[in-house]
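Below is one structure, written out as structure tokens; the observations come after it.
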Amino acid sequence: MLTNHSQQPASLTSLNSAALKIIFGIFGLSLLSYFPLAMAEAYIPSDNDIVYTISKQNRVLINDTIYHLQQQVKSNPESLNHALTLAIEYLQNATLNSNPRFVGMAEATLQPWWNITRHPMLNVVKARVLQFNHKFTEADSILTQVLNQTPNHSIARLQRANIRLALGQYQNSKRDCVAYASYAYSLKSEVCIFMTHHFSLSPDQTKKYLLGYSNRLINQSSSNQTPFSPVEKNWMSGILFEVALLNNMQTLAEQLITFSLSAQPNNVYLLGLSADLLIKQKRYSQVVNLLKNHTQKISLLVKLINAEKNLSDKNFDRHYQQYLTQIKEANFRDQSQHMKEKAYVTLFIENDAELASEYAYQNWQNQKELSDLALLYHCANITHNKKMINALEEWQKNNNLSLPLKFIKQSLIG
Amino acid sequence: MYRKSIKFICLLFVAAIVLSQPALAHKSSDSYLTIDATQEFLSVTWEIALQDLENVKQLDNNLDGNVTWKELKDNRSNIANYAKSHLALSYNDKIDNNNTDKHNNSCELQNNEYKINQHSDGAYIVLHYQSDCVVNESNISIDYSLFFDIDYQHRGLLKIKYPNSDSSTVLSPKYHKIILKHSQNNHWQNFFRYIEEGVWHIWIGYDHILFLISLLLPAVLIRNKKIWRGANNLKTVTIDVTKIVTAFTLAHSATLCFVVISGINLPIALTEIIIALSVILVALNNLWPVINGKRWLIAMVFGLIHGFGFANVLNNLLLESNTLIMSLLGFNLGVEIGQLAIVFFVIPCIFIIRNGWFYQKLVFQYGSLAIAGTGFYWAIQRSF
């Protein structure tokens with residue numbers, strides 16, 4: 001969810017844009033000139049200096065479950081089941097803590113069996129690893145193989161539904177959700193269908209379903225009748241939140257996110273959604289309070305600096321530079337990483353719509369969820385770039401949607 | 001019991017997979033490996049995240065949740081040895097002419113320094129190793145395997161510093177071995193780099209450019225009974241220009257090579273003054289032709305002096321004798337390319353306008369006067 005703070009006439013916008021480009025160009029250059037100095041040089045601390053604080057989230061050794069599972073794997077190195085159990089625990093931690101190191105650990109654990117192709121559970125875990133790495137097409141292919149062998153594999157079905165949504169294949173995703181519902185009917189299956197189907201509903205119908213699902217989610221979670229895991233709750237909340245925001249139901253969106261954050265106040269995904277809503281409502285101070293301790297997470301850092309820029313906060317320079325450092329480090333490893341964040345900053349902080357469009361388009365090649373769609377649309381709207389507009393029209397056509405794109409723009413962006 | 005655990009696994013897994021947003025906001029595991037091949041022996045600087053090391057080596061000796069510098073120092077040799085065991089540097093012996101066997105010899109790594117550095121995802125230990133591998137060995141290979149057995153998505157971000165360039169790559173479980181083809185890489189890189197330097201230094205060498213232009217200005221004119229008039233055809237002009245440029249190039253290349261190879265050079269100040277004088281003389285020769293038909297000779301004679309000027313520049317750029325020939329060739333070629341670019345731009349322009357008053361009076365005569373004045377100014381400036 002992105003927020004557009006500029007709603008001036010086009011001519012003034014372009015003049016401002018040019019002037020801002022110059023200002024930010026100079027500003028950026030001056031920042032970059034400090035960059036080599038500001039980058040930390042290696043140093044020798046004093047003996048009593050604390051160089052590293054072990055966080056409970058990251059330290060594997062004090063997580064009893066993982067430690068226990070690791071010992072089991074060490075004792076049974078030939079056992080795929082033990083390895084799978086450990087890998088799944090790693091992936092659970094990766095999801096909850098948004099930490100890719102756990103994904104790498106899961107992959108390392110399964111290396112001795114990685115090339116086995118006919119083990120359904122192993123394939124599902126492999127697909128999940130690929131999904132984490134945004135290799136959606138490969139993940140889809142593996143899950144299709146699983147479903148060809150075992151059509152009623154509910155986990156693979158639900159997972160593929162999510163992946164196909166990320167690939168922008170709403171109709172295919174919906175088919176998977178419907179199939180999932182046929183053998184695992186629950187609120188989850190209903191939300192799954194809803195996430196692929198809401199574009200085809202009228203606004204009144206959408207609102208009706210949204211309210212219904214949200215109430216059920218909150219009530220069921222509170223009453224422990226049908227307990228959902230934290231990950232499941234986050235997933236459903238996230239979907240309902242995005243659709244609520246799309247339909248300008250900000251009060252419901254806020255209710256959903258508050259409910260979710262109360263259980264997991266440090267969840268990166270939820271914090272990001274919350275920040276999007278607050279930015280949309282121009283509650284920048286609250287964004288800063290929410291995100292100021294999460295600057296190591298780039299997806300949150302970009303929203304923080306957006307808020308700080310709007311407040312002319314004294315920390316803006318420092319955090320902007322931190323963003324540049326993180327991008328530089330990420331680019332060393334892989335130039336294609338963090339395209340969405342680059343597009344966001346280039347558009348809303350550096351005010352370079354043309355460059356932002358390139359990043360947004362590259363991001364779009366890889367994933368086509370609602371927030372990616374909104375970003376691409378916003379850039380297309382500013383730059384009138386034919387490539388972008390064609391991409392959006394193709395997406396609409398492929399998904400049999402007659403939804404006017406301005407509808408998306410209105411609701412997702414400011 | 002077994003069914004219960006399978007159910008439990010499935011439940012866990014459903015929980016794990018349901019979320020469609022793999023929002024991995026944290027940075028992945030990387031280490032930063034810099035191989036310094038600019039000195040006689042290879043050295044290695046390696047930055048490894050403490051949070052990654054903590055997974056394999058207990059750093060927090062007193063288990064209070066904080067790792068101090070002292071605790072890290074106490075674990076220093078453990079850490080250095082662990083890291084070293086995951087980095088293999090080796091080199092091949094020179095190939096025996098009688099057989100094609102290559103012998104791999106390991107490079108010994110000695111840790112001699114360690115510090116802390118901060119990256120976006122926290123503190124890294126910085127380990128510095130000195131190796132006994134000589135930089136100019138035929139092929140040095142690097143085999144990296146840190147953390148791959150624990151985190152398959154860990155990457156070694158490798159930077160190699162050569163004397164004249166840097167290169168970087170990403171080491172992964174699939175691509176964990178590379179070969180430093182040090183000398184071979186540098187030859188071609190150096191060659192192209194020096195071409196670039198040659199072009200650049202002719203284009204910023206205004207005295208050389210003015211000298212060349214002074215020689216070219218009369219190329220589109222013919223002097224007959226003390227009167228300048230436009231040349232008849234482009235062919236004549238081209239032949240004349242070719243002679244001038246070739247003579248100039250041969251002369252300055254000869255001096256340049258002589259100076260660089262022998263090490264004998266004129267004092268810089270004297271060279272610069274003579275170059276300025278050459279500009280004056282050639283410009284004045286346009287106005288009062290002493291040597292008319294054989295401007296190529298002027299180009300050759302003064303080209304020798306200009307070569308001394310280029311040599312001063314090139315000597316500052318050259319660092320190693322094993323790249324000398326390629327560097328010299330590259331630089332000369334660069335200068336030539338730079339000159340030709342000027343010629344190809346100037347000659348067509350002045351050929352078109354050669355017949356008019358504008359060119360013959362204004363550009364040629366007054367222009368030559370202006371060039372002479374500029375040369376005079378330089379000569380004075382460089383004398384003091």
Side-chain angles (χ1 to χ4, degrees), chain A residues 40-54 58-61 84-85 88-89 91-92 94-95 98-101 103-105 107-108 111 124 128 131-132 134 155 158-159 162 165-166 188 229 231-232 234-235 238 268-269 272 296-300 322 325-326 329-330 332-333, chain B residues 5-6 9-30 32 45 47 50-52 54-55 58-60 65-73 114-126 147-155 157 168 170 173:
Chain A
E41 293 294 325
Y43 63 97
I44 300 176
S46 307
D47 276 2
N48 292 328
D49 285 349
I50 294 171
V51 293
Y52 174 58
T53 298
I54 298 162
N58 290 330
R59 184 163 183 186
V60 171
L61 290 174
L84 271 173
T85 312
I88 288 167
E89 182 63 25
L91 290 174
Q92 172 106 328
T95 306
S98 298
N99 192 333
R101 278 171 161 87
V103 179
M105 289 179 196
E107 194 173 352
Q111 274 309 295
V124 171
R128 183 63 177 153
Q131 188 183 358
F132 267 112
H134 289 213
I155 298 168
L158 186 60
Q159 191 176 351
N162 279 300
L165 196 73
K188 284 204 304 284
S229 71
V231 175
E232 288 170 319
N234 292 348
W235 176 70
V268 171
Y269 171 56
Q296 282 200 356
K297 296 121 189 169
I298 195 166
S299 61
L300 300 181
Q322 194 173 337
T325 306
Q326 288 192 24
E329 287 179 353
F332 192 163
R333 182 187 169 103
Chain B
S5 24
I6 292 294
I9 292 169
C10 289
L11 272 174
L12 266 183
F13 192 76
V14 167
I17 62 100
V18 152
L19 187 67
S20 66
Q21 295 271 357
L24 297 174
H26 285 267
K27 186 176 160 297
S28 297
S29 170
D30 298 317
Y32 298 87
T45 304
E47 298 185 42
L50 291 180
Q51 64 172 300
D52 290 332
E54 230 277 323
N55 286 331
Q58 185 176 301
L59 304 177
D60 182 13
N66 293 318
V67 177
T68 62
W69 180 238
K70 184 172 183 310
E71 283 174 317
L72 213 53
K73 277 199 303 186
Y114 55 106
K115 295 179 181 178
I116 288 287
N117 198 3
Q118 296 290 337
H119 286 267
S120 62
D121 58 337
Y124 282 56
I125 189 165
V126 183
F147 298 142
F148 290 152
D149 54 336
I150 298 159
D151 182 347
Y152 206 71
Q153 294 182 10
H154 171 83
R155 297 291 180 265
L157 307 181
S168 57
V170 178

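Order of the sequence lines fixes the chain letters, A, B, ..., with proteins taken first and strands second; residue numbering starts at 1 for each chain.
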Minimum heavy-atom distance B:I150-A:A108, with the two atoms named: O-CB, 3.3 Å
Straight-line distance of A:M105 CE to B:S29 OG, nearest 0.5 Å: 8.0 Å
Heavy-atom closest pair, residues A:R333 and B:V170: O-CG2, 3.7 Å
Step-by-step side chain to side chain contact (heavy atoms under 4.5 Å, CB included) determination, A:Y43 to B:Q118: CA-CA 9 Å; A:Y43 63 97; B:Q118 296 290 337; 3.4 Å; yes
Heavy-atom contact with chain A under 4.5 Å, split by part of B:L72: side chain
Largest heavy-atom contact set with chain A, pairs under 4.5 Å, which of B:D149, B:D151, B:D52: B:D151
Non-hydrogen side-chain atoms of A:Q111 and B:F148 separated by less than 4.5 Å: no
A:V51/B:L50 under side chain to side chain contact (heavy atoms under 4.5 Å, CB included): CA gap, chis, key distance, verdict: CA-CA 9 Å; A:V51 293; B:L50 291 180; 3.8 Å; yes
Taking every non-hydrogen atom, the tightest pair across B:I116 and A:P45: CG1-CG, 3.8 Å
A:R101/B:D121 ion pair, N-O < 4.0 Å: yes
Donor-acceptor side-chain pairing of A:Y52 and B:Q51 below 3.5 angstrom: no
Polar contact flag, side-chain donor to acceptor under 3.5 angstrom, A:T53-B:N66: yes
Side-chain touch A:I54/B:D60, heavy atoms, less than 4.5 angstrom: yes
A:V103 and B:Q153, any side-chain heavy atoms less than 4.5 Å apart: yes
B:T68 side chain near A:N48 side chain, heavy-atom distance below 4.5 Å: no
Segment of B:F147 engaging chain A (4.5 angstrom heavy-atom cut-off): neither
A:I44 CD1 to B:K73 NZ distance, which is reported to the nearest 0.5 Å: 9.0 Å
Check: B:W69 and A:S46 side chains under 4.5 Å, non-hydrogen atoms: no
Among the listed options B:S28, B:G122, B:S168, the residue most often paired with chain A at heavy-atom distances under 4.5 Å: B:S28
Spacing of CG belonging to A:D49 relative to NZ belonging to B:K70, to within rounding of 0.5 Å: 13.5 Å
Beyond-backbone contact of B:S120 with A:Q296, side-chain heavy atoms, under 4.5 angstrom: no
